[in-house]
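Naming: A, B, ... by sequence-line order, numbering from 1 per chain.
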Number of protein chains: 4
Amino acid sequence: MPDVARRSERSRVAILTAARDLLGETGYAQLTVEAIAARAGVGKQTIYRWWPGKGAVILEALVETAGEAALPDTGDLRADLTVVLRAIVAELADPALSATTRALTIETLGSDELAAQVRDRLLRPQMDAVKERLRAGQAAGQLRADVDLDLAVEALIGPPYHRWMLRTGPLTDTYADGVVEQALTGLAP
Amino acid sequence: MPDVARRSERSRVAILTAARDLLGETGYAQLTVEAIAARAGVGKQTIYRWWPGKGAVILEALVETAGEAALPDTGDLRADLTVVLRAIVAELADPALSATTRALTIETLGSDELAAQVRDRLLRPQMDAVKERLRAGQAAGQLRADVDLDLAVEALIGPPYHRWMLRTGPLTDTYADGVVEQALTGLAP
Amino acid sequence: MPDVARRSERSRVAILTAARDLLGETGYAQLTVEAIAARAGVGKQTIYRWWPGKGAVILEALVETAGEAALPDTGDLRADLTVVLRAIVAELADPALSATTRALTIETLGSDELAAQVRDRLLRPQMDAVKERLRAGQAAGQLRADVDLDLAVEALIGPPYHRWMLRTGPLTDTYADGVVEQALTGLAP
Amino acid sequence: MPDVARRSERSRVAILTAARDLLGETGYAQLTVEAIAARAGVGKQTIYRWWPGKGAVILEALVETAGEAALPDTGDLRADLTVVLRAIVAELADPALSATTRALTIETLGSDELAAQVRDRLLRPQMDAVKERLRAGQAAGQLRADVDLDLAVEALIGPPYHRWMLRTGPLTDTYADGVVEQALTGLAP
DNA sequence: ATGTAATCGAGACGGTACGTCACGTCTTGTT
DNA sequence: AACAAGACGTGACGTACCGTCTCGATTACAT
């Protein structure tokens, strides 16, 4: 079993960077473990020693990139959600970040293990943060008391995610605003 | 430049059937072109002659399976949408159909070409059917006149899709009903 | 079974010509049945209807090319053999004819059937002609009475054939003369 | 740019052995790279990493099999050559060894590169050994001083090679003796 | 300071699937 | 019935990566 104390930080960073760069430059199809190792100047075994596979590397790369999902609470629920939705939509519209997310989604589809990891480490925090903000709004009487907060979160995040995955429309601030508008209308008292 | 007139219908059907069966039985990992060819009793070349790759085969298999996206219009918008949403959710919850969709999604992510095909041949019809039903409801005064129908469609389809992709919750009739309820609340006059 | 009466002479000639041309232009590696058919403007089946395979086509091409193996008999054995040997060596040195012969040799190595055909239709006549000339020389007392004529023929043809196959030396008139000289020395009374 | 220092000797031997065995057991038609790899318990890539193709494998197998071409020199030229010619003829008559040689000849005809290799690594040594023995004989006055040694070698090796390639006669000790007899008659003072 | 044990880079290994090529057969009109 | 055209099942080709496995050569810790 690997001795984490002796782990080379240089290699760890090089691998994650190489993975991100390759995704940005050549796309998912060229993102092979061998390519990551070569680009990072690292032996393949060093990757397999510390990660179970390609997907886990991407996940870690994305987790490192992702900032803390701290949501603003200015008291103005609509304004706060607009900020969040715009950020989410912008991230999906950004080619570099989007490539990583897309790659991770592919890996996710093939592995329940990884799917759970992604859900718990990456999504849950984000969704929980939104949920908390909604709960606060609900307590403040800005939402009906009977709304299911999980559904409410999905009403906000589901549409842009669907649009991004299936490329069925543009991902703009205007769109983000529209999603917030529509969702809040359904949730308001 | 294959001569489509001489194409063997027997082979075409055998290939699509084999692809569907393999997905149902052994999952995506075992869905290789060689396995499809072997199972269908067909040469690999016959697959490559008519489809650009594995993804296109899956797409065609799914398109053939998918019935016509004719939506009911009983006049009761809520009832009609509930029927549709329950069907969509059931499909996503069904392991067999879901496997095909999942496989197709993976292939999609690796090819813009295929992504466009999927969007136009598989998704657009479904989404358009929902949109038309909503438009009829809008004309009948059951929806506000100012709702953006594209957003409305996404409000219905986005949440279950998000939940399915990221496995963040159960996909049940109750859930479907909740999604319809919430969406209609936001769209009602 | 094919009805030889209806056979298309046009196709027959086109096929043999295409085979010869392809050998001359692109070499043996490109000499596929499909290439012959395409170049000849002929269906593949027309080839397989009349020949058992590629080798038989080449054989027929070569048989048609090869003139009658009539040997001169001027009474001067050395002069006659020199003429023949120079002709043989020249043929082996000629890239076009040599390509066909080489191709046929390859096919021969893989099929006893074809090897027998080549031996009987192509080689035997040539070797027999040489043998007859030697027999006449023997009768005229220009050869020892006890020489084995089959061996004598091989003493003339074997060396240049070996040299050609294995590319171990130049194939010139001088060389041909040397072979005749050496062989006759061994056969003379 | 494979790293020859890390090459697996076990694999190298297994591949060459498998190639020889397959030739002996099933013949050239079944001698595919895939069959060699399977029989040797080796990945195909391991073959392609170290040899350019099937032909080179056969060549190496034959080179390893072939003993050193050390010719006896008892002082009795006729006896020494008889030993050699009988060995050559026996080798050509032996189905197993002959299969390898035949296979190599086929491969040779398709590649100038390989042909040169075969000539230089396999044939040249053998022919040179014979040539040296003849040179010694010439020095000892057993051959005329003016004989061309290259021609003399071909007079010995050419006939049996021709007979073997074209299957025009039996390959026996008696035949070998006849060839030596005839050649020496032509070369004697 | 030195031994020792794990990590490191490199890359060969046994595999699996890829997408292509040509084989020889079969099928479909045309002549 | 032979023909041109070309789709078909078959099977080998040579390539790309997979994940595992040796190799010395660092490198960091415990003597």
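- Distance from the side chain of D:Tyr48 is smallest for F:dT15 among the nucleotides E:dC18, F:dA5, F:dT15.
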If you apply the rule side chain to side chain donor-acceptor pair (under 3.5 Å), what do you find for B:Arg20 with B:Thr100, and how did you get there?
CA-CA 7 Å; B:Arg20 264 189 300 258; B:Thr100 319; over 6 Å; no
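- Taking for each of D:Thr32 and C:Ala38 the nucleotide of DNA chain F with the nearest heavy atom, the 5'-most of the two is the partner of C:Ala38.
- Ion pair A:Glu25/A:Arg39 flagged as a salt bridge, since at least one NZ, NE, NH1 or NH2 atom sits closer than 4.0 Å to an Asp/Glu carboxylate oxygen.
- The CD1-C1' distance, from B:Ile47 to E:dC21, rounds to 17 Å in whole Å.
- With hydrogens and angles ignored, a donor-acceptor pair under 3.5 angstrom links the side chain of B:Gln45 to the base of E:dC21.
- Each of C:Gly41 and D:Gly53 was matched to the nucleotide of DNA chain F holding its nearest heavy atom; the match closer to the 5' end belongs to C:Gly41.
- Rounding to whole angstrom units, CZ of residue D:Arg10 and P of F:dC23 are separated by 12 Å.
- Between D:Gly43 and B:Ala29, the residue anchored closer to the 5' end of DNA chain E is D:Gly43, taking for each the nucleotide with the nearest heavy atom.
- One interatomic measurement links the two molecules: CG of A:Asp3 to P of F:dT26, which rounds to 20 Å at whole-angstrom precision.
- Atom pair B:Tyr28:OH and E:dA17:C1' shows a separation of 12 Å (rounding to whole Å applied).
- Put simply, CD on C:Gln30 is 12 Å from P on E:dC21, counting in whole angstrom units.
- Nearest to the side chain of B:Arg6, among F:dA7, F:dA1, E:dG11, sits F:dA7.
- The listed nucleotides are F:dC3, E:dC23, F:dC18; the one nearest the side chain of C:Lys54 is E:dC23.
- Ion pairing of B:Arg12 with B:Glu64 is present here, as a side-chain N (NZ or NE/NH1/NH2) and a carboxylate O approach within less than 4.0 Å.
- Following rounding to the nearest Å, A:Arg49 (CZ) and E:dA10 (P) show an atom-to-atom distance of 14 Å.
- For the pair C:Arg6 and C:Trp50, the cation-pi criterion (under 6.0 Å, within 45° of the ring axis) is not fulfilled.
- Residue B:Glu34 contributes atom CD, which lies 13 Å from atom P of E:dT20 at whole-angstrom precision.
- For the OP1/OP2 pair of F:dC3 and a distance below 4.0 Å, the side-chain nitrogens and oxygens of C:Trp50 include at least one atom meeting the criterion.
- When the side-chain nitrogen and oxygen atoms of A:Ser11 are compared with OP1 and OP2 of E:dG9, one or more of them lie within a distance under 4.0 Å.
- Dashed line: the shortest gap from a side-chain N or O of A:Thr46 to OP1 or OP2 of E:dG9 is under 4.0 Å.
- For D:Lys44 against F:dG14, a side-chain N or O and a base N or O form a donor-acceptor pair under 3.5 Å.
- B:Arg121 and B:Gln117 form a side-chain donor-acceptor contact under 3.5 Å, judged by distance and modelled atom types alone.
- Atom-to-atom, CD1 of B:Ile36 to C1' of E:dA17 comes out at 12 Å; the value is rounded to the nearest Å.
- Taking side-chain N and O atoms only, D:Ser8 has no distance below 4.0 Å to OP1 or OP2 of F:dT22.
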